[in-house]
K.L.:
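The structure is given below, and queries will be raised subsequently.
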2 protein chains.
Amino acid sequence: MAKAGTKGVARAQRERQILDIAGRTFAEHGYAGTSLAAIAADAGISKPLIYNYFGSKEGLFSACLTRAGETIAGVIENTAELGHVGPEQAILSLDRIFTALHGQTWMWRLLHDPTTPTTPEITVKHTHYQHRMHTVGAQGVADMLRKADNHDPLDASALTAAWINVFDALVTWWTDHPTETPHAMTQRAARLFTTVFGPLDLDQLPLNNR
Amino acid sequence: MAKAGTKGVARAQRERQILDIAGRTFAEHGYAGTSLAAIAADAGISKPLIYNYFGSKEGLFSACLTRAGETIAGVIENTAELGHVGPEQAILSLDRIFTALHGQTWMWRLLHDPTTPTTPEITVKHTHYQHRMHTVGAQGVADMLRKADNHDPLDASALTAAWINVFDALVTWWTDHPTETPHAMTQRAARLFTTVFGPLDLDQLPLNNR
DNA sequence: ATCGGGTAAGTTACCAGTGGGTCACCCGAT
DNA sequence: ATCGGGTGACCCACTGGTAACTTACCCGAT
């Protein structure tokens, strides 16, 4: 068996590797359902190394959460700045999300884990990313509600939640069908949106996966 | 401190009480994040009594899952048999769901716990209820896709998932806004569906919460 | 009426395994 | 020779699970 001694892996690289495996595992089994021993075994290292780098189980989870949250919120916010609206903006967002999450769809699920610790640090971070996504979603939804002359803030909140959950559903579906390419997912999303909302004008969108 | 001896509570009643508390706790913290000691304390009884009645933690969870699954799947299936279609059927389903889940929205969340044990019994049960909901959802969706001349089974699968997740979003939103009445929720859902899908004809629907 | 036993409801005390977390120590490259 | 990467062995709190015991109620026989 491998004794002690370095394996020539730099800290930054090792941290990324651990974060990747941990994120995947947390997303699949939930925070409470995941043991650090399992993560260590999966990464081919020992438990104390994880503590060396991340301090605690919660610290490790926090790091995973940051990575996932920044990735997803960043993509959505950047896409929103392009100034498209309605279903077209949604397709564009999904396109970017499918690109960014290719091979790491676990990031999305991490933001929806019901077993996260309830410590202030994690809660704050969680709320922060939830809020950023909600904000962007709310803008797209507000337009629709305004046209219908609906100014109820609770209606807006609920519709935003529903809207985000459609994204959630598509990403989750992708997780269950991992052989689908990002390209295929964008195409599928476009077909489905067309079915529900009527014809879309995609030609002018700067899609990654046309 | 309370000694041993009966407290005059009949078994059936006690079982319902335990199931209620356990379901709520499992839904909130996930299976893995829940300890039987906590449930026992919440119910004001001791741990062995739970084992007397449910055999094991998994058995308790299984019982919770059955109650939640039968309730939800039953409501959806019964509603589907009334023969309405499209958004009208959806509103009717939501109306019935809001009625059935009043004060126990945890039932919905229980079906989405990522930390459920992976034993055959639980997996089978889980898949069973998931399948029943998916089947009903797929029927509503199939109609829409047929009209758009889309016969891709994967598209149908993905759209069904998205569709169910809209329900999920509204129930989850309700969980986060527990002071809303079922009546208010039905009204809200109707407004939102109108905004998205255009005018609906609700007068002919046998709504519980008009 | 009441005594006594069977049974259902309930508890305390305990065990064994697991999982988070720590300590002292060990290699290998520069 | 030293410093960063890395580990085996351990601690302890907690959790699932069990055994043995206790108390209250119901009901038939006296």
Side-chain angles (χ1 to χ4, degrees), chain A residues 1-22 25-26 28-65 113 115-119 121-122, chain B residues 1-19 21-22 25-26 28-65 113-119 121-122:
Chain A
M1 193 55 194
K3 286 276 170 188
T6 183
K7 295 171 183 168
V9 180
R11 173 164 182 156
Q13 192 181 336
R14 193 60 101 186
E15 279 182 349
R16 267 206 317 266
Q17 183 208 0
I18 295 174
L19 243 54
D20 209 66
I21 291 175
T25 315
F26 280 138
E28 189 176 346
H29 303 293
Y31 179 81
T34 300
S35 83
L36 287 194
I39 293 177
D42 251 30
I45 57 171
S46 68
K47 214 172 36 161
L49 191 59
I50 297 180
Y51 280 90
N52 258 352
Y53 288 169
F54 297 98
S56 67
K57 184 184 185 184
E58 193 190 315
L60 176 60
F61 182 81
S62 181
C64 292
L65 193 60
D113 182 1
T115 67
T116 50
T118 56
T119 61
E121 192 207 329
I122 297 291
Chain B
M1 194 54 192
K3 290 272 168 192
T6 180
K7 296 171 182 169
V9 179
R11 172 162 186 159
Q13 192 182 335
R14 194 59 103 184
E15 280 182 348
R16 267 206 317 267
Q17 184 208 359
I18 295 174
L19 243 53
I21 291 175
T25 314
F26 281 139
E28 190 177 346
H29 303 292
Y31 178 81
T34 301
S35 83
L36 287 193
I39 294 177
D42 251 32
I45 57 172
S46 66
K47 215 172 38 166
L49 192 59
I50 298 180
Y51 281 91
N52 259 351
Y53 288 170
F54 297 99
S56 66
K57 185 184 185 183
E58 192 189 316
L60 175 60
F61 183 81
S62 180
C64 291
L65 193 60
D113 182 3
T115 67
T116 48
T118 55
T119 61
E121 192 206 330
I122 297 290

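Sequence lines set the chain letters: A, B, ... in the order given, protein chains first and strands last, and positions in each chain run from 1.
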K.L.:
Just distance, no hydrogens or angles: give the donor-acceptor pairs under 3.5 Å from side chains in residues 33-45 of chain A, sequence neighbours left out.
P.N.:
residue : atom : partner : partner atom : Å
A/T34   : OG1  : A/T25   : O            : 3.4
A/T34   : OG1  : A/G30   : O            : 2.7
A/S35   : OG   : A/A38   : N            : 3.1

K.L.:
So, does A/K7 get its side chain near the phosphate of D/dT7, meaning an N or O under 4.0 Å from OP1 or OP2?
P.N.:
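It does, given that an N or O in the side chain of A/K7 lies less than 4.0 Å from OP1 or OP2 of D/dT7.
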K.L.:
With side-chain hydrogen bond (donor to acceptor under 3.5 Å, both in side chains) as the test, would you mind laying out the steps for B/Q13 and B/R16 before giving the verdict?
P.N.:
CA-CA 5 Å; B/Q13 192 182 335; B/R16 267 206 317 267; 5.7 Å; no
K.L.:
Tell which nucleotide pairs with C/dG21, taking only Watson-Crick or G-U wobble pairs whose two distances are both under 3.5 angstrom.
P.N.:
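With both distances under 3.5 Å, C/dG21 matches D/dC10.
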K.L.:
Regarding C/dG21, can its base be found pairing with the side chain of A/K47 as donor and acceptor, where the two atoms are less than 3.5 Å apart?
P.N.:
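Such a pair exists between side chain and base.
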K.L.:
On DNA chain C, check which nucleotide each of A/A37 and B/A10 is closest to and give me the residue with the more 5' one.
P.N.:
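Nearer the 5' end of the strand: B/A10.
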K.L.:
Let me know the distance between CG of B/L49 and C1' of C/dA8, rounded to the nearest Å.
P.N.:
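Taking atom C1' of C/dA8 as the reference, CG of B/L49 is at 11 Å.
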K.L.:
Tell me which residues in residues 55-63 of chain A lie within less than 4.0 Å of DNA chain D, going by non-hydrogen atoms.
P.N.:
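Residues of residues 55-63 of chain A under 4.0 Å from DNA chain D: none.
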K.L.:
Could you check how far CD1 of A/I18 sits from C1' of D/dG6, rounded to whole Å?
P.N.:
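Value for this atom pair: 11 Å.
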K.L.:
Holding to side chain to side chain donor-acceptor pair (under 3.5 Å), I want the full list of residues that pass it with B/R11, two or more places apart in sequence or in another chain.
P.N.:
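B/R11 satisfies side chain to side chain donor-acceptor pair (under 3.5 Å) with B/E15 only.
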K.L.:
Rounded to whole Å, please give me the gap between CG in B/N52 and P in D/dA20.
P.N.:
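Distance check: B/N52 CG to D/dA20 P gives 14 Å.
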K.L.:
Would you kindly give the CZ-to-C1' distance between B/F54 and D/dT18, to the nearest whole Å?
P.N.:
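Rounded to whole Å, this separation is 18 Å.
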K.L.:
By the ring-ring contact (aromatic ring centres under 6.0 Å, His included) test, which pairs, at least two apart or in different chains, include something from residues 31-64 of chain A?
P.N.:
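Listed by first then second residue: A/F26-A/Y31, A/F26-A/F61, A/Y31-A/F61.
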K.L.:
Would you compute the distance between atom NE2 of A/H29 and atom OG1 of B/T116 and round it to the nearest 0.5 angstrom?
P.N.:
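Going from the NE2 atom of A/H29 to the OG1 atom of B/T116 covers 10.5 Å.
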K.L.:
Can you tell me how far C1' of C/dA9 sits from CZ of B/R16, to the nearest Å?
P.N.:
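Going from B/R16 (CZ) to C/dA9 (C1'), I get 17 Å.
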K.L.:
C/dC15 C1' sits how many Å from B/Y51 OH, rounded?
P.N.:
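Atom-to-atom, B/Y51 to C/dC15, this comes out as 13 Å.
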K.L.:
With sequence neighbours left out, what residues match A/D113 under salt bridge (charged side-chain N to carboxylate O under 4.0 Å, His left out)?
P.N.:
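Partners of A/D113 by the salt bridge (charged side-chain N to carboxylate O under 4.0 Å, His left out) criterion come out as none, since no residue qualifies.
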K.L.:
Output one line per pair: protein atom, nucleotide atom from nucleotides 2-4 of chain D, and distance, for all N/O pairs under 3.5 Å.
P.N.:
none

K.L.:
Please find the pair of heavy atoms, one from B/A22 and one from B/L60, that lie closest to each other, and give the distance.
P.N.:
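Shortest heavy-atom contact: CB-CD2, 3.8 Å.
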K.L.:
Have a look at B/S46 and say if it touches a base, only the backbone sugar-phosphate, or nothing, with a 4.0 Å heavy-atom cut-off.
P.N.:
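Here B/S46 touches the bases of the nucleic acid.
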K.L.:
What's the closest nucleotide to the side chain of A/V9 if the choices are C/dA13, D/dG6, D/dT7?
P.N.:
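My answer, after comparing the listed nucleotides, is D/dG6.
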